[in-house]
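Accompanying notes for the structure given below.
Both ligands and their constituent atoms are indexed starting at 1 by order of listing. Below, all heavy atoms of this structure are taken into account, side chains as well, without hydrogens, waters or symmetry copies.
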Amino acid sequence: MSDKMSDSVVRIFDTTLRDGEQSPGASMTVEQKLVIARQLEKLGVDVIEAGFAASSEGDFESIARISREVSRPRVLSLARSQEGDINRALKAVEQAKNPGIHIFIATSDIHLKHKLRMSRQEVLDAAVKAVAYAKKHIDYIEFSAEDASRSDPDFLIQVFKEVIRAGARTINVPDTTGYAIPSEFGALMSQLIERTAGADRVTWSAHCHNDLGLAVANSLAAVHNGARQIECTINGIGERAGNTSLEEVVMALRTRKNYLSLDTGIVTEQIYPTSRLVSQVTGIAIPINKPIVGDNAFAHEAGIHQDGVLKHRQTYEIMTPESIGIPGNRLVMGKHSGRHAFDERLKHLGFNLSKEDMNRAFLRFKELADKKKNVYDEDIEAIVAEEILRVPGQPDRYELLYLSVNSSSDGVPAATMKMRVGGEERMDHASGDGVVDACYKVIAKITGSQSQLVRYTVNAITGGADAQGGVSCLIEDDGIRVSGQGAHTDIIMASALAFINALNKLEGRKHYRRLVEREGP
Ligand SMILES: [Zn+2]
């Protein structure tokens with residue numbers, strides 16, 4: 001990929017796998033990240049920030065595997081302005097076709113004083129030294145001034161001038177705390193581009209957070225003032241209130257091209273499948289009123305609107321659902337649907353599975369179709385999330401073998417369960433405030449888990465009394481938060497599966513932490 005893009009094209013930098021993963025409970029396994037990375041390539045993103053190599057073994061490994069498997073987008077690792085971080089990042093992206101490294105340091109006085117405890121001169125020296133060091137090993141370097149929107153513009157200009165001279169190719173201006181106002185952020189971008197020596201040799205980039213709900217607006221203000229890269233995440237997930245939403249900013253550029261005169265390389269028809277995939281994998285639900293990808297984004301309820309849309313779509317629609325890949329007619333599958341139709345449907349939904357995973361998913365689909373008449377896209381997504389994406393290449397430690405619950409209006413709810421724990425079968429029972437509570441208590445008893453249940457959500461995946469229930473839970477143990485998902489026609493089973501799924505993920509995370517503690521990152 002050439003980074004001297006035409007002047008009217010905005011480069012899309014996706015950080016779902018790095019900044020997005022910092023959303024509480026969104027941690028993903030290496031396998032899950034690979035599935036998302038492949039889909040991001042299909043979506044047409046220009047850059048994938050695959051992780052922060054020095055932060056953990058898991059991050060390092062996912063960056064290395066994504067580097068090997070993805071061919072068109074540039075693959076980056078984040079690194080602090082330190083030699084150790086840079087070496088680790090370089091090693092992780094070594095096998096990428098288009099490798100890159102993203103070096104950052106904070107530049108605002110508040111970060112200098114309270115976090116880094118460094119003077120401005122020390123920060124400047126560290127930034128230049130880091131970029132110059134990396135440049136000896138790799139050509140493509142992006143440099144970020146963390147908390148740029150709260151930094152002194154004169155100091156930013158000085159730092160940017162020096163890192164451009166040292167070899168940085170992209171200069172990123174983050175609104176790390178989501179503090180900026182669009183007109184102000186646009187003016188900052190314009191001032192930086194105008195006053196920094198060497199500005200015309202690099203691509204300028206915006207990285208905005210959504211604490212005031214302005215991330216998309218600030219990103220648009222940045223490109224309107226000369227930036228040509230936007231950093232964003234699918235569904236806007238990320239630290240705190242999240243990052244700029246890829247789907248919103250891309251569709252704003254496309255829908256208002258008549259005003260902004262800018263393009264992206266995004267295949268917009270892949271937006272909807274990508275959004276659903278990320279939601280399924282992370283367990284972070286998409287709010288129904290979310291622009292572009294929410295359930296209600298294209299639903300016209302008011303009679304007068306429906307009437308208008310039926311007569312002429314553009315009366316109330318500025319975009320079509322087809323343009324973002326929402327299937328026009330929702331296909332319903334059932335027990336007579338064949339293997340070919342199922343494979344086609346999986347592909348249409350954005351899942352690129354191996355042959356073996358396809359076989360497993362098809363078996364689960366047949367099982368489900370025996371129990372319920374109509375199988376919808378959402379059911380298929382749930383099957384894939386439940387059966388395929390959760391397995392990080394090794395058998396799960398915990399497995400549910402048998403569950404029986406007891407509930408009546410005047411008795412105490414109780415659950416009896418048999419589980420396999422590492423190869424050994426264990427059985428126990430417990431009572432609780434309700435059947436779900438009893439189930440969770442018996443699972444905790446059998447596994448010896450001390451984890452706390454932070455959040456528990458249920459939603460019917462599809463309509464009807466035989467609908468599959470989707471349960472998502474967030475648990476915390478020893479400072480680690482993970483989410484688990486379960487889907488089943490029986491909501492109690494779905495709840496138990498979600499909890500067990502979370503416990504299995506927790507095992508994986510603890511395993512990585514032990515590795516890092518023993519060998520260092
Ligand atoms: Zn960020």
query = Can you list every ring pair (Phe, Tyr, Trp, His ring centres under 6.0 Å) pair that touches residues 215-244, not counting sequence neighbours?
reply = His224-Tyr259
message = Asn210: which residues meet the side-chain hydrogen bond (donor to acceptor under 3.5 Å, both in side chains) condition with it, sequence neighbours left out?
response = none
Distance-only donor-acceptor hits, side chain of residues 176-189, under 3.5 Å, sequence neighbours excluded:
unit_1, atom_1, unit_2, atom_2, d
Thr176, OG1, Asp147, N, 2.8
Glu184, OE1, Ile181, N, 3.1

key: Ion pair Arg150/Asp175, N-O distance below 4.0 Å   = no
message = Check Arg38 with Glu41, please: is the shortest side-chain N to carboxylate O separation under 4.0 Å?
response = no
ask   = How many N, O or S atoms of the protein are nearer than 2.8 Å to the Zn ion (ligand 1)?
value = 3
ask   = Do the ring planes of Phe499 and Tyr440 sit parallel (below 30°), tilted (30 to 60°) or perpendicular (above 60°)?
value = parallel
